[in-house]
Amino acid sequence: MNLLTDARHRIAAIEAAAADALVPTVELNLDGWRLRYGGGRARRTHSVLPERRGRRPVEEKLRQVEAFYRERSVAPRLQISPVALPTGLDAHLDAAGWNREEGAQVLWRDLSDAQSPEPEGVPKGAADRAVTIVRGEPADEAFDAVSITTDEETAAWARARIHALREAGRPVRPVAATAAGDPVAACLLVLEPAAQLVGLFQMATVPTARGRGVARGLLRAALADAREAGATGAYLQVDPRQHAALRLYQRERFLLHHRYHYRRAPDPD
């Protein structure tokens with residue numbers, strides 16, 4: 001077994017699944033590169049994922065990338081992971097003056113049967129009021145309510161994203177936690193059945209419920225749902241500056257899988 005090859009295959013599978021879960025307003029295939037535009041503020045939704053080698057010269061594709069994003073008044077960016085193609089692309093961009101920007105850490109949790117099952121329920125003493133995990137239609141409403149407390153524009157995009165994923169037949173389900181009927185935390189599960197992967201997105205807790213273990217209980221419930229749906233691995237993308245979130249994920253046995261960063265085109269004269 002070639003462990004390096006297997007690791008690269010899993011990185012590629014995770015990056016592809018995460019890209020499929022985005023549902024940008026516009027997505028074009030440029031000789032094996034995904035050009036994405038629109039949907040939320042995240043740079044992922046306004047950047048290129050170079051996932052195939054392609055046949056055309058890199059410089060020619062970069063010119064088209066710059067034209068695509070500048071026409072839309074967005075800085076041209078490429079999302080660079082360890083499996084970005086063609087090989088050597090990051091060094092090529094560096095030499096061409098494309099600026100490096102911090103990206104995200106991608107964390108991984110094995111959900112195979114060899115792992116111990118998730119503890120049931122929200123940890124004791126998680127909040128001042130009884131916390132309940134909700135699913136189905138109530139979770140949709142709770143997810144929306146929690147998203148609005150963080151950012152209304154992001155909440156609007158999240159609604160559009162869920163709708164687009166469902167329209168495309170993709171398995172997507174919000175999971176939420178309520179305290180005395182009030183939404184206090186939520187996250188979005190996007191499943192990739194063929195790869196047996198689940199991505200956890202937009203995990204958020206309302207300010208008044210933070211630091212009480214609610215997010216931990218929600219995460220456990222989400223992972224239990226993912227396991228039941230057939231996922232053998234879970235991934236999430238987190239900003240390395242989000243120290244509290246990183247501590248939570250590490251406590252729940254998520255490990256660093258890989259990192260990605262961005263390359264932004266130099267400003268025109």
Side-chain angles (χ1 to χ4, degrees), residues 2-40 42-69 72 74-96 98-108 161 164-165 168-172 190-201 231-238 256-265:
N2 188 325
L3 295 180
L4 179 59
T5 299
D6 288 349
R8 290 182 64 84
H9 283 166
R10 189 161 72 184
I11 292 172
I14 291 172
E15 290 295 303
D20 289 341
L22 276 178
V23 197
T25 307
V26 177
E27 182 174 290
L28 301 178
N29 185 302
L30 175 61
D31 191 39
W33 290 6
R34 292 197 207 196
L35 278 60
R36 305 169 293 188
Y37 171 78
R43 285 172 295 173
R44 291 193 302 273
T45 60
H46 298 87
S47 64
V48 178
L49 185 68
E51 58 186 346
R52 300 285 184 273
R53 187 181 309 278
R55 296 177 177 272
R56 296 162 63 178
V58 169
E59 284 301 333
E60 178 185 326
K61 293 203 285 189
L62 290 177
R63 285 193 295 271
Q64 291 188 252
V65 165
E66 290 202 59
F68 176 86
Y69 287 104
R72 292 163 174 81
V74 176
R77 284 185 176 87
L78 276 75
Q79 181 182 331
I80 304 296
S81 77
V83 294
L85 291 172
T87 303
L89 176 60
D90 193 37
H92 181 102
L93 294 169
D94 187 40
W98 286 59
N99 302 296
R100 183 186 172 107
E101 296 179 338
E102 187 67 50
Q105 294 183 4
V106 181
L107 307 186
W108 167 262
R161 178 190 200 180
L165 285 167
R170 297 290 306 283
V172 54
V190 183
L191 294 146
E192 186 65 53
Q196 295 181 297
L197 290 174
V198 63
L200 283 75
F201 298 93
T232 59
Y235 69 89
L236 51 84
Q237 300 153 309
V238 60
L256 175 64
H257 192 268
H258 65 278
R259 296 179 174 88
Y260 65 78
H261 61 274
Y262 294 95
R263 287 288 181 180
R264 176 174 54 81

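Only a predicted model underlies this, so the values are computations on that prediction, with no experimental measurement involved.
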* Counting distance only, does the side-chain N/O of R259 pair as donor-acceptor with the main-chain N or O of E102 below 3.5 Å? -> no
* Side chains of V106 and L236: closer than 4.5 Å at any heavy-atom pair? -> no
* Of all heavy-atom pairs between A234 and L200, which one has the smallest distance, and what is that distance? -> CB-CD1, 4.0 Å
* Which distance, rounded to the nearest 0.5 Å, do you find between the CD of E27 and the OG1 of T45? -> 11.0 Å
* Validation row: L22, F201 side chains within 4.5 angstrom (heavy atoms) -> no
* Pairs flagged by side-chain hydrogen bond (donor to acceptor under 3.5 Å, both in side chains) wherever residues 79-91 is involved - sequence neighbours left out -> E15-Q79, R36-Q79, D90-H261, D90-R263
* Under the side-chain contact (heavy atoms from CB on, under 4.5 Å) rule, what do E101 and R43 come out as? Steps first, then yes or no, please. => CA-CA 10 Å; E101 296 179 338; R43 285 172 295 173; 3.2 Å; yes
* Looking only at heavy atoms, which two atoms of R44 and Y262 are closest? And how far apart? -> CG-OH, 3.1 Å
* Asked: Counting distance only, does the side-chain N/O of Y37 pair as donor-acceptor with the main-chain N or O of Y69 below 3.5 Å?
  -> no
* Asked: Only one of V190, T232, L191 forms a side chain to side chain contact (heavy atoms under 4.5 Å, CB included) with V198, so which one is it?
  -> L191
* To do: With side-chain contact (heavy atoms from CB on, under 4.5 Å) as the test, would you mind laying out the steps for L93 and L62 before giving the verdict?
  => CA-CA 9 Å; L93 294 169; L62 290 177; 3.8 Å; yes
* Asked: Is any side-chain heavy atom of I80 closer than 4.5 Å to a side-chain heavy atom of W98?
  -> no
* **Main-chain N/O of A18 paired with Y235 side-chain donor or acceptor, under 3.5 Å** => yes
* To do: Might you confirm whether atom CZ of R264 has over 12 heavy atoms from other residues, nucleotides or ligands at distances under 6.0 Å?
  => yes
* To do: Drop me the distance from L35's CG to H46's NE2, to the nearest 0.5 angstrom.
  => 12.5 Å
* Asked: What distance separates I14 CD1 from Q237 CD, expressed to the nearest 0.5 Å?
  -> 9.5 Å
* Asked: In Å, rounded to the nearest 0.5 Å, how long is the span from CD1 of I11 to OH of Y260?
  -> 13.5 Å
* Provide the closest heavy-atom pair for H258 versus P82 in the form atom of the first, atom of the second, distance. => CD2-CD, 4.0 Å
* To do: Decide yes or no for V48 and F68: does some side-chain heavy atom of the first lie under 4.5 Å from some side-chain heavy atom of the second?
  => no
* **From D31 atom CG to E60 atom CD, the distance as rounded to the nearest 0.5 Å** => 8.0 Å
* Please step through side-chain contact (heavy atoms from CB on, under 4.5 Å) for the pair R34 and R52, ending with a clear verdict. => CA-CA 9 Å; R34 292 197 207 196; R52 300 285 184 273; over 6 Å; no
* Strictly by modelled atom types, are H257 and R10 linked by a side-chain donor-acceptor pair under 3.5 Å? -> yes
